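See below for the structure under consideration.
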Amino acid sequence: MCRFSAVQAAASDTSGGHATASEVRSDDSQNLALILETMCGIVGYVGPRPSQDILIAGLARLEYRGYDSAGIAVIDGNGDLGMRKKAGKLSMLRDSLADAPLGDGTTGIGHTRWATHGGPTDVNAHPHLADDDKLAVIHNGIIENFSALREELLASGVEFRSETDTEVAAALLGREYAKSGNLQDAFQNVVNRLEGAFTLLAMHEDHPGLVVGARRNSPLVIGLGEGENFLGSDVAAFVEHTRKALAIGQDQIVSITPSEVTVTDFSGSPVEAEPFDVSWDAAAAEKGGWSSFMAKEVAEQPQAVANTILGRVHDGQVVIPELDGLDELFIGINRVIITACGTASYAALVGKYAIEQWARVATDVELAHEFRYRDPVIGDDTLVISISQSGETMDTLMAVKYARERGARTLSICNTQGATIPRESDAVVYTHAGPEVAVASTKAFSAQITALLLLGLHMGRVRQTLTDDSAVAELADLPDKIASVLEKENDHVAQLAGWMADTRSVLFLGRHVGYPIALEGALKLKEISYIHAEGFAAGELKHGPIALIEPGQPVFVIVPSPRHSALIHSKVVSNIQEIRARGARVIVIAEEGDAAVLPFADEVIHIPLAGPMFEPVLAVVPLQIFAMALATAKGLDVDQPRNLAKSVTVE
Ligand code: M6R
């Protein structure tokens, strides 16, 4: 049975000797060859079972966070620390361990890496060793003062094998440990000297059965087992073993042994970690017979949307229980800003239309990485809504913190329990899409739009601006309508993609809520098929992009239903005629029975009849299938596209 206690470790001030920020920056610019570690997956284990397989299984679930290299370290039955690391995907490490396993040691740490600079090599892979290879360290993030620390260590005779900032932390820890022989004290001293963003795990062969960890602006969660404990970048690392977890706050240190978990702040004062139960089960994070996680996740969209709606509609009205007690806030606000990155920012654009229409409050969408670098007009009458599947996107997290500092109220829409962004927000509405593993976001996007629709309807009810309940009634039908698109259009769209495998550029057009879907369709195609793609507002076409149209240019057009607005529909049909006249190959996504588009379309993909705010969730599905099928036709790995990682935990 696990006991939670907090240890009182000696606080130690080791802050002297830091380089200033500008010194570090100039050092860094002289060291462009140095490898900076950024988004990575981390797992730690202590318990009675051999750790090697547990670590590898955990890394397999975290591989979406980075797949440039992978490595593990294990303390074996004789108390010796063994380590193996390999450049390339996890399979390279697996093969190496199959040839020569690390033994049956029951304490271990593992790492899968995504690097921003420099080549992924065996030597730069984690773990990094110190103290005559008795100490192993893994790390996610960027240690911003590593240059100064490296100089200091070089001057004292330390020799480095790699060019990473992580090895600097390992060497520092080795030096501190040599002073006291106390791993926790040494670790605390070291993390207090580090600047930047980091999750750090360490273990030493003198202390089998102990793994120490710390986090600052980078994720780390604890998994609580029976006679065993886990650490992970997220719960996927250990969900197959336990669904009981503890969230660790910023600037906190954790030690795990098989029977005990202790958490302190960076000065050693005990803190209470927040317990939570993981609602995902291990099977949900497995491929389950699908050719890829992306294929599985596209197919899971009806369920993801249904789960997100579940428990939030009562007596014909949307009531989100997590928002109980916030009525006054919703009534008092004069402005909403939705902030997010990538796909989540396109969901935000749909949310803008819904919130403005139903809750009658001015709503803007801001890319998180732009938001905090200007001087936005926000105050206590502003609600800043952040959207993030992972809940760890650094740009979005920083935007949330910035908004709070400026007095705004913050609400996050997030898919990952225990993640940092919801913990930094005043309120959270979870999407219940289940784990999304493929780098390209699909079911999380549908669930994010659904959550925004729910939020708009909830706010509209509270603000008494919602005049028509038909949208609430329609929510229940949405999962079946998505299922029908999947069923009816999958083969048609996949065939279309097969014909277009040699295409070099694809354009996407949409109006109103079709515009964000055009952007999303283009992003999906770019990121997994490496084909040039652009999304445009259809009305913008004549202001420049129409020059791109030449004979044979494929253009997807998302056509809104004529039942919602004959005017918008007719404008889009005119846009189709304009590009068709210039030779474009037009692929239309339109509602069943829309005869007006037929004379001008080379291909028509049908979606069921739905209310205007619901069409995006249906129209995006064929575009996801198209991108996936085209990437597959090109022989590409749709789950792990080049240069990308699932969760971008650096700015
Ligand atoms: O985890 P988040 O939702 O915060 O991630 C935001 C973006 O990085 C993410 O949506 C990205 O654009 C996807 N790879 C798109 O498929």
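Both backbone and side-chain heavy atoms feed into the values below; hydrogens, waters and symmetry mates do not. On a predicted model such as this, the values are computed, not experimentally measured, just so you know. Atoms within each ligand, like the ligands themselves, are counted from 1 in listed order.
Judged as a ring pair (Phe, Tyr, Trp, His ring centres under 6.0 Å), and not counting sequence neighbours, the contacts of F508 are F556. Scored by the side chain to side chain donor-acceptor pair (under 3.5 Å) test, Q301 finds S446, Q624 as partners (sequence neighbours excluded). Looking at residues two or more places apart in sequence or on another chain, you find a side chain to side chain donor-acceptor pair (under 3.5 Å) between K481 and E474.
For F445 and Y346, the distance between ring centers is not under 6.0 angstrom.
At a heavy-atom cutoff of 4.0 Å, ligand 1 is surrounded by C341, G342, T343, A344, S388, Q389, S390, T393, V439, A440, S441, L523, K524, E527.
Y530 carries R642 over the face of its six-membered ring, with the cationic atom under 6.0 Å from the centre and within 45° of the normal.
When side chains are defined from C-beta on, T343 counts as touching E520, because their heavy atoms get closer than 4.5 Å.
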